[in-house]
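Numbering starts at 1 and runs along the sequence shown.
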Amino acid sequence: EQVTAVLGRFETESVDVPLLVAALRCTMQFERELVLKMDLGKNNVPPENFPYELDEEGQIVDSESPAGIRLRYERLHKREEREAQKAAEKERAEAAGKPYVNTLDALPSFLGFISNIFDPYLSAFVNSEKQNFAKLLERAVKGDELVKGGELPVLQGAVKLFQYLKETLSRCATMSTGQTLVAMSREVKATLLQFQEALAERLPRMKNKDSFGEECVKFKRSGERDAVCYCINTAAYIAELVPQLESMTRELADAAVREEIDLQSELTDRCFDTVSLGIKTLVSGEYGKVEGLLFGMTAVNWSSFEDIGDQSKYVTEISKVLCEEFPAIRNLLSRIYFRNFCDRLAMVFLPRFLDAVTRCKRVNEMAAQQLLLDLHSLKNLFLKLPTVGQNETDEFKYVIPPTYFKFVNRAVEKADMMLKLLGTPVSYLAASFHDIMPEGTEDDLTTILTVKGATKQEKAECLEEYREKNEA
């Protein structure tokens with residue numbers, strides 16, 4: 001009652017937090033000493049493991065430190081002595097034919113008996129830490145220093161922020177394992193959500209148009225590609241550690257509030273949203289480096305093309321750019337996210353080849369054969385890109401999954417059929433259309449005729465023959 005009366009004189013927001021924490025620690029030390037040094041019945045048996053130890057001055061001592069191990073040994077030794085004394089008393093009573101009764105067993109547990117009174121006033125401690133979170137968050141968001149997060153580079157500010165949040169939860173649990181710990185966990189979650197939002201804001205935006213008129217990212221500064229990879233890694237790093245942090249906090253919490261500790265819901269999804277946005281940005285930025293080269297085919301005079309040779313110049317230039325980019329990206333991303341990047345870039349770039357072909361004018365039959373050769377060169381390029389520049393001696397070798405080969409082949413399938421039809425004389429188009437492109441439509445045939453530069457009469461006759469065959 002006296003402690004409640006003293007605490008009640010202060011407004012929660014105006015409490016001197018260091019003084020409050022010191023008073024709480026002294027109270028907890030008193031409770032511990034009471035339980036450790038006096039026999040207060042079965043409800044006050046010292047537990048085998050405290051999450052921390054307290055020295056004679058009430059200061060927290062790491063349980064795993066030499067000093068903490070010594071304190072724990074002394075505490076357990078006292079417990080064993082007390083249990084041995086009780087066993088001897090019980091044995092004497094039973095030998096005398098009397099029931100053993102310890103009247104002290106009716107006493108309540110003294111651990112937390114007084115210190116729990118502080119709990120409603122610890123919101124001041126939570127608010128104080130919330131301000132610390134905000135300051136550390138601001139520094140973490142602005143920083144560009146890197147550090148290893150497992151095997152991959154992540155933003156150092158994120159590592160420091162997460163470590164501080166983890167330590168704060170552990171420190172909070174030494175004062176309260178009830179609602180105050182729940183409140184602190186919510187502040188930790190809110191801080192990590194804010195960090196994910198800030199991390200997503202660091203990614204370059206799609207404010208540019210590619211040569212085809214679609215939105216895309218243009219990496220304008222050196223290092224932007226790597227910076228995007230660091231954001232991906234950092235978001236994945238937080239997503240991996242959040243479940244562990246939640247588990248640790250729940251273990252520290254009282255059973256009555258354990259289910260209220262919730263760090264994963266929304267936060268984990270937000271982390272993976274940032275990862276997905278990062279990969280999308282990286283794909284768009286890499287695509288932006290080569291899409292102009294691909295679009296260059298539309299400026300070639302394909303109507304007068306005569307000699308089929310090696311792959312066209314634009315294919316060689318695309319290959320040069322991507323072969324320089326992929327090894328660096330492979331070394332910066334985890335295997336699962338690198339695979340995702342490869343899949344997405346193939347899905348974005350390869351269908352663009354057909355888009356570029358349909359923008360060409362008067363593609364003759366020889367030109368169609370050259371474009372078909374270019375397509376297969378690009379397909380082979382994408383099949384080898386995931387492992388380009390990889391040495392046999394590399395410790396962590398990337399192995400291309402079989403599904404990727406199927407994916408790339410499927411991505412060029414329609415373009416392959418369209419180019420084979422482009423190389424077919426107009427007079428044979430209608431007859432061979434469905435043999436080459438079984439699922440082709442009249443619109444596809446019309447596009448082919450347009451790209452070939454067929455006359456109106458040729459178009460009309462070919463489409464009429466196509467419709468007759470369909471009706472038959």
Side-chain angles (χ1 to χ4, degrees), residues 130-166 187-210 214-242 245 263-264 266-289 291 325-345 348:
K130 182 180 178 180
Q131 294 173 16
N132 292 334
F133 294 169
K135 293 175 184 177
L136 195 57
L137 176 63
E138 185 178 1
R139 291 198 296 271
V141 167
K142 293 180 179 178
D144 290 318
E145 297 84 2
L146 300 174
V147 69
K148 286 284 185 179
E151 294 295 329
L152 300 169
V154 299
L155 295 173
Q156 186 182 55
V159 176
K160 289 183 176 179
L161 174 65
F162 194 90
Q163 186 62 33
Y164 184 81
L165 296 176
K166 180 180 178 181
E187 293 300 334
V188 166
K189 181 177 181 179
T191 301
L192 289 174
L193 283 169
Q194 291 176 54
F195 179 75
Q196 287 303 315
E197 186 177 339
L199 201 58
E201 287 296 321
R202 290 175 68 119
L203 297 170
R205 295 299 179 204
M206 294 190 182
K207 296 180 179 178
N208 302 282
K209 296 283 187 180
D210 66 12
E214 301 292 334
E215 287 187 343
C216 79
V217 170
K218 295 286 186 180
F219 290 150
K220 297 178 181 178
R221 299 189 305 275
S222 62
E224 276 194 307
R225 176 203 66 197
D226 292 0
V228 171
C229 291
Y230 301 147
C231 287
I232 294 170
N233 292 342
T234 302
Y237 168 79
I238 298 294
E240 182 181 353
L241 292 182
V242 164
L245 185 62
L263 294 175
Q264 292 193 66
E266 186 184 1
L267 178 54
T268 304
D269 287 344
R270 191 76 65 85
C271 290
F272 288 125
D273 286 346
T274 304
V275 169
S276 181
L277 179 60
I279 294 175
K280 180 181 179 181
T281 302
L282 183 62
V283 167
S284 185
E286 292 303 301
Y287 162 77
K289 292 180 179 180
E291 58 83 20
E325 294 290 313
F326 264 68
I329 295 172
R330 185 177 62 238
N331 291 333
L332 286 173
L333 295 180
S334 70
R335 292 297 178 255
I336 186 172
Y337 295 130
F338 178 66
R339 176 179 175 178
N340 196 313
F341 163 76
C342 294
D343 289 349
R344 289 200 196 185
L345 184 61
V348 169

Are N233 and Y237 close enough that some pair of their side-chain heavy atoms sits under 4.5 Å apart?
no
Output all residues satisfying side-chain hydrogen bond (donor to acceptor under 3.5 Å, both in side chains) with Y337, sequence neighbours left out; order by chain, then residue number.
none
Output the distance between atom OG1 (T274) and atom CZ (F195), rounded to the nearest 0.5 Å.
9.0 Å
Determine whether L199 and L155 make a side-chain contact, defined as any pair of heavy atoms from C-beta on separated by less than 4.5 Å.
yes
Would you compute the distance between atom CG of N340 and atom OG of S276 and round it to the nearest 0.5 angstrom?
7.0 Å
Closest heavy-atom pair, C216 versus G288, reported as atoms and distance to 0.1 Å, is SG-CA, 4.5 Å
Looking only at non-hydrogen atoms, find the nearest pair between L152 and L332 and report the distance.
CD2-O, 3.7 Å
To check you understand the geometry: which heavy-atom pair defines the closest contact between G278 and I232, and what is its length?
C-CD1, 3.5 Å
Any side-chain heavy atom of V188 within less than 4.5 Å of one from L245?
yes
Quick test of your reading of the model: are E286 and K289 salt-bridged, counting only N-O distances below 4.0 Å?
yes
Taking the inter-plane angle between the rings of F326 and F341 on a 0 to 90° scale, is it parallel (under 30°), tilted (30 to 60°) or perpendicular (over 60°)?
tilted
Looking at residues at least two apart in the chain, or sitting in another chain, which of them share a side-chain hydrogen bond (donor to acceptor under 3.5 Å, both in side chains) with R205?
E201
Backbone of Y230 reached by a side-chain donor or acceptor of T234 within 3.5 Å
yes
What distance do L193 atom CG and I238 atom CD1 have between them, rounded to the nearest 0.5 Å?
11.0 Å
Residues in side-chain hydrogen bond (donor to acceptor under 3.5 Å, both in side chains) contact with E291, at least two apart in sequence or another chain
S211, K218
Give a yes or no on whether a salt bridge exists between K220 and E224, defined as a side-chain N under 4.0 angstrom from a carboxylate O.
no
I need the L203 CG to L282 CG distance, nearest 0.5 Å.
10.0 Å
So does V141 get a backbone contact from the side chain of R202, meaning a donor-acceptor N/O pair under 3.5 Å?
yes
So does E197 have more than 12 non-hydrogen atoms from other groups sitting under 6.0 Å from CD?
no
Between atom CD of E240 and atom SG of C271, what is the distance when rounded to the nearest 0.5 Å?
11.0 Å
Got E215 and K207 here, is their nearest side-chain heavy-atom distance under 4.5 Å?
no
How close do K160 and L136 get, heavy atom to heavy atom, and via which atoms?
O-CD2, 4.1 Å
Ignoring hydrogens and angles, tell me if any N or O in the side chain of S284 forms a donor-acceptor pair with the backbone of K280 under 3.5 Å.
no
Grab the two heavy atoms, one from P204 and one from T281, that are nearest each other, plus how far apart they are.
O-CG2, 3.6 Å
Can you tell me how far apart OH (Y287) and CG (L345) are? Round to the nearest 0.5 Å.
10.0 Å
